[in-house]
There are 2 protein chains.
Amino acid sequence: MNNKESLVNFILSVVEISKDDAQEIANSFHSIEIKEKDFLLKKNQISDDYLYLESGLMRIYLHDLEGEEITIDFFTENNIVFEITSFFNRVRSEAYIQAITKCAGFRISYEELNTLFHHKPAFRDFGRAILVKEFIASQQRNYGMINRTSKERYQNLLITKPQIVKYAPLKYIASYLGVTDSTLSRLRKNF
Amino acid sequence: MNNKESLVNFILSVVEISKDDAQEIANSFHSIEIKEKDFLLKKNQISDDYLYLESGLMRIYLHDLEGEEITIDFFTENNIVFEITSFFNRVRSEAYIQAITKCAGFRISYEELNTLFHHKPAFRDFGRAILVKEFIASQQRNYGMINRTSKERYQNLLITKPQIVKYAPLKYIASYLGVTDSTLSRLRKNF
DNA sequence: AAACTTACTTGACAAAAGGCAAGAAAATAA
DNA sequence: TTATTTTCTTGCCTTTTGTCAAGTAAGTTT
């Protein structure tokens with residue numbers, strides 16, 4: 001039996017609850033592995049995964065009006081992975097979530113999450129803290145898109161998620177940063 | 001005594017709960033008015049307002065590294081207004097929330113919200129639905145910043161928040177859209 | 001009303017980024 | 001290994017946006 005130590009530590013880093021509570025929450029999660037290039041979620045599915053990513057890299061992407069893949073976000077280890085619209089609103093997903101490298105972690109379903117949310121006060125605080133954390137990250141990404149040059153955005157990614165720059169193809173990174181492949185390639189030349 | 005009908009209807013539009021529950025939640029909120037150009041939140045304060053905006057327009061802004069005001073977001077009537085980082089994490093705010101026009105609505109404090117969150121299941125669902133709703137809006141804004149031209153972003157604002165275009169000065173809108181004042185002025189010429 | 005401040009527009013030029021296409025490099029398949 | 005596909009780089013030229021500065025318009029204060 002897996003003791004889910006990394007998940008317990010993650011929970012404790014996000015919210016101030018007892019170690020016992022954190023362990024109990026972690027025990028509600030189920031082990032999952034995803035192979036490189038496999039999908040956690042595909043378009044038109046209703047997402048049923050709230051995933052703690054213990055190791056590996058993932059991305060969430062969708063197709064724009066011209067059919068081009070747009071990478072919306074990257075996920076790195078020691079983070080929660082979910083597609084908020086489909087998971088929480090129980091609607092078909094527009095987006096795909098794909099493993100960039102081999103991934104491992106622990107997941108719960110929407111129903112399991114909801115049961116915990118209403119019956120475990122500690123999970124309530126945890127769940128809210130995760131939403132708040134990711135919401136803030138989204139806002140900061142917004143701010144960076146508006147107030148940073150593309151060079152600065154790339155440098156920022158290099159610092160905050162170096163694994164991404166190392167493992168993800170240029171085109172994923174370019175669409176994430178909001179530039180064309182050519183432009184990113186040129187940016188890279190100047191380190 | 002105010003029956004807070006608009007707030008009750010707003011709650012019912014966001015989450016599937018009984019009318020009685022919605023009324024009870026609404027009754028926990030307190031009436032508030034804000035004069036044009038006054039502040040709901042200033043930099044370095046710890047936000048204690050979770051506000052349902054019944055009428056009026058607001059904006060949230062901060063100063064960038066050069067000291068320039070950057071309008072991060074606009075709030076219109078029939079929406080919840082809060083600065084998530086300061087309110088939920090109990091830290092000093094980087095941002096200001098200011099009334100663009102005279103505003104009226106209903107607010108609760110962090111402590112009141114937390115009590116409801118842990119003691120009223122219906123409020124739990126409501127609170128989560130609001131976080132989810134605003135998170136999704138933030139993600140869509142992100143997508144628009146990357147995949148729409150500045151002209152399209154302006155047109156979108158015109159359609160989704162025409163009050164803003166009507167009442168907010170050009171410079172607020174320009175920084176929100178991520179363009180300079182000059183560029184927005186030129187965009188406007190082509191309707 | 002006059003003075004002053006803030007908001008907006010416009011022109012000239014510079015910088016950043018995009019579109020397209022060719023070719024090199026790397027990864028994958030046969 | 002060789003062939004094939006995908007990824008990445010680069011050149012040339014166009015479009016978009018920014019910078020700066022001047023000038024007009026509108027709003028506020030005295």
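Letters A, B, ... mirror the listed sequences (proteins, then strands); counts begin at 1. Everything quoted here is computed from the prediction, not taken from an experiment.
With contacts defined as side-chain heavy-atom distances shorter than 4.5 Å, the pair B/Q98/B/Y172 qualifies. Proximity of B/Q139 to A/S138: side-chain heavy atoms (C-beta onward) are separated by under 4.5 Å at one or more points. Contact check for B/R59 versus B/I97: no side-chain heavy atoms found under the 4.5 Å cut-off. Side-chain contact between A/Y143 and B/D64 is present, with heavy atoms from C-beta onward closer than 4.5 Å.
For DNA chain D, the contact window with chain B, defined by any atom under 4.0 Å from a protein heavy atom, covers D/dT17 to D/dC20 in 5' to 3' order.
For residues 21-40 of chain A, every residue pair satisfying the salt bridge (Lys or Arg N to Asp or Glu O under 4.0 Å) rule, not counting sequence neighbours, is listed here: A/D21-A/K120, A/E24-A/K120, A/E33-A/K102. Residues in residues 154-173 of chain B take part in these salt bridge (Lys or Arg N to Asp or Glu O under 4.0 Å) pairs, two or more places apart or across chains: B/D73-B/K161.
At the phosphate of C/dA17, neither OP1 nor OP2 sits under 4.0 Å from any side-chain N or O atom of A/T180.
In terms of hydrophobic clustering, with Ile, Leu, Val, Met, Phe, Trp and Tyr side chains grouped at heavy-atom distances under 4.5 Å, A/I164 and A/I34 are assigned to different clusters. The hydrophobic clustering, which links ILVMFWY residues whose side-chain heavy atoms are closer than 4.5 Å, places B/F75 and B/Y50 apart.
Projected onto DNA chain D by closest heavy-atom contact, B/K151 and B/K37 fall at different nucleotides, the more 5' of which corresponds to B/K151.
When the C1' atom of C/dT9 is taken as reference, atom NZ of B/K171 falls 16 Å away, rounded to whole Å. The nearest whole Å value for the distance from the CD1 atom in B/I173 to the C1' atom in C/dA7 is 12 Å. With rounding to whole Å, A/R148 atom CZ is found 18 Å from C/dA16 atom P. Nucleotide C/dG18 holds its P atom 10 Å from the CG atom of A/L184, rounded to whole Å. The CG atom of A/D181 sits 13 Å away from the C1' atom of C/dA17 (whole-angstrom rounding).
With respect to B/F74, the ring-ring contact (aromatic ring centres under 6.0 Å, His included) criterion is satisfied by exactly one of B/Y176, B/Y167, B/Y61: B/Y176.
Across all strands shown, A/S185 has heavy atoms under 4.0 Å from base atoms, whether or not it also approaches the sugar-phosphate.
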Name the atoms and distances for all side-chain donor-acceptor pairs under 3.5 Å in residues 7-17 of chain A, with sequence neighbours left out.
unit_1 : atom_1 : unit_2 : atom_2 : d
A/N9   : ND2    : A/E5   : O      : 3.4
A/S13  : OG     : A/F10  : O      : 2.6

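Axis angle across the helix from C/dA1-D/dT30 to C/dA30-D/dT1, with five pairs used at each end and values rounded to 10°: 50°.
Taking 4.0 Å as the cut-off between side-chain N and carboxylate O, B/D181 and B/R186 do not count as a salt-bridged pair.
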Produce the list of close N/O pairs, under 3.5 Å, pairing protein atoms with atoms of nucleotides 20-24 of chain C; give distances to one decimal.
unit_1 : atom_1 : unit_2 : atom_2 : d
C/dC20 : N4     : A/S182 : OG     : 3.4

